[in-house]
Amino acid sequence: MNILSLVVKEILHRKFSFALGVAATLIATASVIGAIVLLRTHDLRTAAILHAKEAELLERMDKLQDDTRKSMLKLGFNLVILPEDQNLADWYANDYSTKYMPESYAERLAESDIVSIRHILPSLQQKIPWPERKRTIILVGTRGEVPNAHLSPQKPMVQPVPSGNVILGYELHRSMDIGTGDRIRIMGKTFTVRDCYSERGNKDDITAWIDLKEAQELLGKPGRINAILALECLCTGNSLPAIREEVAAILPGTQVIEQESRAVARAEARTQVALEAQTTLQQEQQAREILRGERERMAQALVPVVFLACALWIALTGYGNVRSRREEIGILRAMGVSAKRIFMLFIWKHVFIGVPGGILGLVAGGAAGLLMAGGGADIPVDFFSPLSFWLAMAALAVAGATLLAVVAGWLPAMIASGQDPAEVLREE
Amino acid sequence: MLALENVTKSFNGPKGKVTALDGVSLTLRAGEMLVISGPSGCGKSTLLLTAAGMLRPDSGNVRLLEQYDPYRLPADERCRLRAGSVGFVFQQFHLIPYLTVLENILTPLLSRPGEDAQRRARALVDRLGLQERTDHVPAQLSTGERQRTALARALLHRPKIIFADEPTGNLDEENAGIVIEHLCNFVSAGGGVLLVTHHAKAAEHANRALKMKKGRIQKN
């Protein structure tokens, strides 16, 4: 017979009282462990959510990049090669160049080994008064595409205008009631209307396209052009400087500018999507942080209350145990069991209450924290790792619960050990 | 073995101060059973607890087992003194309800380990006729068996003196006879017994008998 066997036998005898003590330590431990696990699970879920969203964003970005690349391949960038001395401010204001360069530049470019420029369209365009109709039009002389000698033959993007023919923009044919096949005069020369374009809503609506040679004759610029359009160039926005250098080496005395294209719009859209995705990501992160703050505050408010209530519960249960064992304490003291040993008898009982309470509290707290963090039984990938975290939690649970039980049981144990055996035996 | 000299003890009761012991003097020698009888409330139990070193008197001297006044010993020493040399038997048995008969008999080991305690406990079980009850808890025992268990517990450490407070008060004649017989055997073996009771019949077995009334010893 020793103190520990007496403790065990007493626990087996008063199971309900013991279970109440264990339940109290379980709840106290579960509240602490639950709060820690809740916040940790929240952090793990936040990391997983943000990681998934980042991955989704990257995937979308990649897809957009891919789409952009495809559209670049399909559409390309539109470049304009102008004479070097053309003032760009004037060009942007008038939309045509007032400076000229040799028409042979188009051939030179086509015969060069440049591969990034595909469709080459030399043109001569000028805003002119249309004396026969008394209005101002843009006259464009074009010869269609100059085939690129180093690229496989492609379907031309723009067809040439046969000599003696004219193509009219929407506003011109509509306002003057001109139709296909009509014959009209421009600057004293007669042309057959080959085509009438539908409305485009830009300067094309007041443009007349004729053969380049005829335009050169009408405008008095033989063998001269004022722009080469380079359509669907195989480049991206950031490779423009390289193309400029390439073109400058082939066509000295020119400058290259970029005309807005759909590909640029797509690239901009992609950037916009990226920005929006980043914003969404930040908003998600902020929402998770707010939720974490709320949970942290709840835990900070709730855990001490639960802990104190459980400590009180254990103390009261312990006191009840002392009361019900007055006679036992009395006879043990009469037999010479010291007050110190009586004290230890009750402290050991609280150790026995604390250890299982801590272990059960660890399991209950872990499960409660996981469930309270949302996601049901969906366990985050890193929930069980690292092992050191759970070892620390186990140590905290068992040591904390035991400490709680012992501290809460301290006063009842003091009362038990301070009990006067003579008083008890006389009362009995 | 035991000597009380002019011991007084009083308590504060609801109706004022109550004098439980009023100048009590007595001695108990080895191999002697001293029976103190008297009506309920005359101070017998107070006398027993005071003599056993458990209830400090207001005045007077107590000498237990040739020692000086046990109340001058530190609390731990006094516990050791009781654990080694004193046994108790009470009217209410005071058995621990969740321990078996054998375990109850062995409870003195909590205060003082003994090498052959198990063997001696078994011997006491045999001697007191509890062989069939060793694994029973007190609630499963008759009152006589409970008191015999309490007596075995008191005898485990071979005490020099036994303080018995109404040990036969709840027993039938047969069981009372068994308890008294074993107390007499203990006395025959050189032990001392201080027995307090309100049954004058118990004095038949005493070497000496004293009567007590209102906290005073009446007659030798």
Side-chain angles (χ1 to χ4, degrees), chain A residues 1-21 317 320-349 352-353 413-428, chain B residues 9 11 20 43-46 48-50 52-57 74-100 102-114 117-118 121 137-139 150 153-154 156-157 159 163 165:
Chain A
M1 179 62 60
N2 57 41
I3 281 189
L4 289 183
S5 63
L6 194 68
V7 171
V8 172
K9 285 174 192 298
E10 197 272 335
I11 286 170
L12 293 173
H13 178 66
R14 295 188 176 95
K15 295 183 191 76
F16 184 67
S17 161
F18 176 72
L20 283 179
T317 308
N321 189 244
V322 171
R323 292 282 301 170
S324 64
R325 296 172 73 183
R326 272 170 59 84
E327 185 186 350
E328 177 188 337
I329 296 164
I331 191 64
L332 289 174
R333 294 282 283 122
M335 286 192 295
V337 178
S338 66
K340 202 184 293 177
R341 285 178 83 81
I342 295 290
F343 178 79
M344 287 312 296
L345 184 70
F346 283 86
I347 289 297
W348 270 114
K349 177 168 180 184
F352 276 70
I353 286 171
M414 291 280 283
I415 292 169
S417 64
Q419 205 161 274
D420 183 355
E423 191 180 325
V424 176
L425 295 172
R426 278 181 65 242
E427 284 174 9
E428 297 292 336
Chain B
K9 178 71 182 175
F11 302 99
K44 302 187 298 293
S45 295
T46 302
L48 187 132
L49 293 171
T50 305
M54 291 173 63
L55 188 61
R56 186 182 293 276
D76 284 354
E77 285 290 319
R78 216 179 320 149
C79 283
R80 271 195 283 276
L81 179 67
R82 284 204 300 272
S85 311
V86 176
F88 287 93
V89 182
F90 296 94
Q91 182 181 6
Q92 300 298 335
F93 326 122
H94 295 313
L95 297 174
I96 296 176
Y98 52 86
L99 297 182
T100 64
L102 190 62
E103 288 164 346
N104 262 292
I105 293 171
L106 288 167
T107 47
L109 290 175
L110 290 169
S111 58
R112 183 167 163 258
Q118 283 282 350
V137 292
R153 179 179 65 187
L156 183 77
H157 273 324
F163 293 95
D165 189 355

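Predicted model, so just to flag it, every value in this text is computed and none were measured.
- Distance check: A:Asp420 CG to B:Arg56 CZ gives 11.0 Å after rounding to the nearest 0.5 Å.
- To the nearest 0.5 angstrom, B:Arg153 atom CZ is 5.0 Å from A:Met335 atom CE.
- Looking at B:Leu48, there are no atoms closer than 4.5 Å to chain A (heavy atoms on both sides), in backbone or side chain.
- Put simply, of B:Glu103, B:Gln91, B:His157, the one with the most heavy-atom pairs under 4.5 Å next to chain A is B:Glu103.
- When each of B:Ala83, B:Pro97, B:Ala154 is checked for heavy-atom pairs under 4.5 Å with chain A, B:Ala83 comes out on top.
- Ranked by non-hydrogen atom pairs under 4.5 Å with chain A, the options B:Ala75, B:Cys79, B:Ala52 are led by B:Cys79.
- Closest approach of A:Leu332 to B:Leu110, counting heavy atoms only: CD2-CD1, 3.7 Å.
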(request) Would you check, one step at a time, whether the test side chain to side chain contact (heavy atoms under 4.5 Å, CB included) holds for A:Lys9 with B:Ile96? (result) CA-CA 11 Å; A:Lys9 285 174 192 298; B:Ile96 296 176; over 6 Å; no
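- When heavy atoms are compared at a cutoff of 4.5 Å, B:Leu106 approaches chain A by way of both its backbone and its side chain.
- Few gaps surround CE on A:Met344; more than 12 heavy atoms of other groups in view lie less than 6.0 Å from it.
- Panel note: side chain B:Arg80, backbone A:Ser338; no donor-acceptor pair is recorded below 3.5 Å.
- Rounded to the nearest 0.5 Å, atoms NZ (A:Lys340) and CG (B:Asp76) are 5.5 Å apart.
- A:Ala334 approaches B:Arg82 most closely through the heavy-atom pair O-NE, 3.1 Å.
- The distance from the CG atom of A:Leu6 to the OG1 atom of B:Thr107 is 8.5 Å, given to the nearest 0.5 Å.
- When heavy atoms are compared at a cutoff of 4.5 Å, A:Ile3 approaches chain B by way of both its backbone and its side chain.
- The structure places CZ of A:Arg325 at 4.0 Å from OH of B:Tyr98, a figure rounded to the nearest 0.5 Å.
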